[in-house]
Amino acid sequence: MPTAIAVTGADMALPPQDERTVPAVVLKDLDRQPLDQALAALQQLIDQCGHVIVVCSQVVAPGVERRLHTIRSLLESDRIALFRPDLPPLGLAVLARQLRQLASCDLSPGVLASAGRLLTHYIHAGAVLGSVTKLDRVPVGLKSHAKSWVPGSQFGVIAHPEPQLVRIGPEASLSGPEFATSMLVAKGQLQTDWVANTLAPAWNVQGLREAPLPAESAAWWGTAKLVEFCTFLPDLSVLYQLVTSVRQSSCHWCGIDVIGDRCVFCSATSPLEQHQLTTG
């Protein structure tokens, strides 16, 4: 069985990108079910798949986050990785699907978990917002706040990889990826075709599809009046080549193979990284 890729809601389990994409494990209502039931479900998942990577949003309900840490602690298991990158919900769902694609390959659990940190660099995630008055994920100037009160104002925002914010108009533009990507769009309570008609052509997007808006998007962006979008690398062969081109090493604490300077399963950093932190 491949390493399990788990998400905390059904709306974060996007349809398969290709025929090899493994299904997502949906940890539904994790904070509402009895603890012993949640423990048994995660233990069974570990027994079946060996390792579990839980991809979790930064705005997930506090009860869900607490339950995940409780389960991991009670099981005393380094086989559960809690991965919470600072991506908007749609971008996070895309990343979870990329890990599901890679889970079908011959990657060890530690390398697969580490791949999540690598692939975030190739995701451009943003939204068109009807208001930025409650946006706290991207720096917003006083002028933009003032314009946000003007009826009909709309703003193009990039949250990742680098923050950007523009008021949408004839000359508005956002810097995008310098490589071929596909785009996913999720519509909330905002009427606009700017993403499909202006942004996607400007970014030379190779394919555009729509998806339901994740339930956590309104909380992340500070408004329900939005259209969320995300560009990503869709091809499994490209993803696999990116991951396998990075040098692998063994975690000095738990011994699992990883790429990069941090083990996602036990959270240990490499001795070199620790030395730099203490001497820097």
Spacing of Glu65 atom CD and Leu30 atom CG [to the nearest 0.5 Å]: 11.5 Å
Any chain of hydrophobic side-chain contacts (each under 4.5 Å) joining Leu199 to Phe232? no
Donor-acceptor contact below 3.5 Å, side chain Ser73 vs main chain Thr70: no
I want to check something: taking the side chain as every heavy atom from C-beta on, are Ile46 and Ile80 in contact at a cut-off of under 4.5 Å? yes
Which pair of non-hydrogen atoms, one from Ile5 and one from Leu112, has the smallest distance, and what is that distance? CD1-CD2, 4.0 Å
The reported gap from NE2 in His121 to CG in Leu242 (rounded to nearest 0.5 angstrom) is 11.0 Å
Under a single-linkage definition using a 4.5 Å side-chain heavy-atom cutoff for Ile, Leu, Val, Met, Phe, Trp and Tyr, are Ile256 and Val243 assigned to the same hydrophobic cluster? yes
Reported OG-to-CD distance for the pair Ser108 and Gln248, which is rounded to 0.5 angstrom: 5.5 Å
Got a donor-acceptor contact below 3.5 angstrom from the Trp203 side chain to the Leu174 backbone? yes
Begin with the C-alpha distance, continue with both residues' side-chain angles, and end with the deciding distance and a verdict on side chain to side chain contact (heavy atoms under 4.5 Å, CB included) for Ile259 and Arg247. CA-CA 6 Å; Ile259 58 175; Arg247 184 179 65 87; over 6 Å; no
Scanning both residues in full, the closest heavy-atom pair of Glu228 with Leu213 reads OE1-CD1, 3.7 Å
Between the CG atom in Leu74 and the CD atom in Gln43, the distance rounded to the nearest 0.5 Å is 11.5 Å
Can you give me the closest heavy-atom contact between Val138 and Ile158, atom names plus distance? CG2-O, 3.8 Å
Do Glu171 side-chain atoms and Gly169 backbone N/O form a donor-acceptor pair below 3.5 Å? no
Would you kindly say whether Ser57 and Arg84 are connected by a side-chain donor-acceptor distance under 3.5 Å? no
Between Arg100 (side chain only) and Thr21 (backbone N and O only), is there a donor and an acceptor less than 3.5 Å apart? no
Heavy-atom pair of closest approach, residues Gln206 and Asn204: NE2-O, 2.8 Å
So Leu45 and Asp47, side chain to side chain contact (heavy atoms under 4.5 Å, CB included) or not? Walk me through it. CA-CA 5 Å; Leu45 198 57; Asp47 293 340; over 6 Å; no
Could you give the distance from CG (Asp257) to OG (Ser249), rounded to the nearest 0.5 Å? 8.0 Å
Write down the atom of Ala186, the atom of Pro212, and the distance for their closest heavy-atom approach. CB-O, 3.7 Å
Run the side chain to side chain contact (heavy atoms under 4.5 Å, CB included) check on His124 and Thr181 step by step: do they pass? CA-CA 10 Å; His124 282 67; Thr181 62; over 6 Å; no
Measure from the side-chain N and O atoms of Arg167 to the backbone N and O of Phe155, and report whether any donor-acceptor pair falls under 3.5 Å. no
Taking the side chain as every heavy atom from C-beta outward, state whether Gln164 and Ser175 have any pair of such atoms under 4.5 Å apart. yes
Close side-chain approach of Thr231 and Tyr122, heavy atoms under 4.5 Å: no
For Arg66 and Asp31, run side chain to side chain contact (heavy atoms under 4.5 Å, CB included): C-alpha distance rounded to whole Å, both residues' side-chain angles, the deciding distance at 0.1 Å, then the answer. CA-CA 8 Å; Arg66 287 194 297 268; Asp31 57 335; over 6 Å; no
Do side-chain atoms of Asp11 reach the backbone of Ala215 as a donor and acceptor pair under 3.5 angstrom? yes
A cation-pi test, strictly: NZ or CZ of Arg137 under 6.0 Å from the centre of the six-membered ring of Trp221 and no more than 45 degrees from its axis. Yes or no? no
Quick one: does any side-chain atom of Thr120 pair with a main-chain N or O of Arg117 as donor and acceptor, under 3.5 Å? yes
Minimum heavy-atom separation for Leu92 and Cys56, please, with both atom names. CD2-C, 3.4 Å
Using 0.5 Å steps for rounding, measure from the CG atom of Leu99 to the OG1 atom of Thr3. 10.0 Å
Is the shortest side-chain heavy-atom distance between Arg20 and Leu236 below 4.5 Å? yes
From CA spacing to verdict: salt bridge (Lys or Arg N to Asp or Glu O under 4.0 Å), Asp18, Arg97: CA-CA 10 Å; Asp18 51 49; Arg97 183 170 63 182; over 6 Å; no
When you look at CD of Gln37, are more than 12 heavy atoms from neighbouring residues, nucleotides or ligands closer to it than 6.0 Å? yes
For the residue pair Val94 and Leu14, establish whether any side-chain heavy-atom pair is separated by less than 4.5 Å. yes
Val132 with Leu190, same ILVMFWY side-chain cluster at under 4.5 Å: no
Considering only heavy atoms from C-beta outward, does the side chain of Leu95 approach that of Phe83 to under 4.5 Å? yes
Do the side chains of Val195 and Leu226 join up, straight or via other hydrophobic residues, at under 4.5 Å, putting them in one cluster? no
Would you kindly confirm whether Val26 and Val55 end up in one hydrophobic cluster when ILVMFWY residues are joined by side chain heavy atoms under 4.5 Å apart? yes
Heavy-atom side-chain proximity of Leu87 to Gln58 below 4.5 angstrom: no
If only atom types and distance count, is the side chain of Gln154 paired as donor or acceptor with the main-chain N or O of Thr192 below 3.5 Å? no
Contact between Leu35 and Arg67 at the side-chain level, heavy atoms closer than 4.5 Å - yes or no? yes
Are there over 12 heavy-atom neighbours, none belonging to Gln33, within less than 6.0 Å of that residue's CD? yes
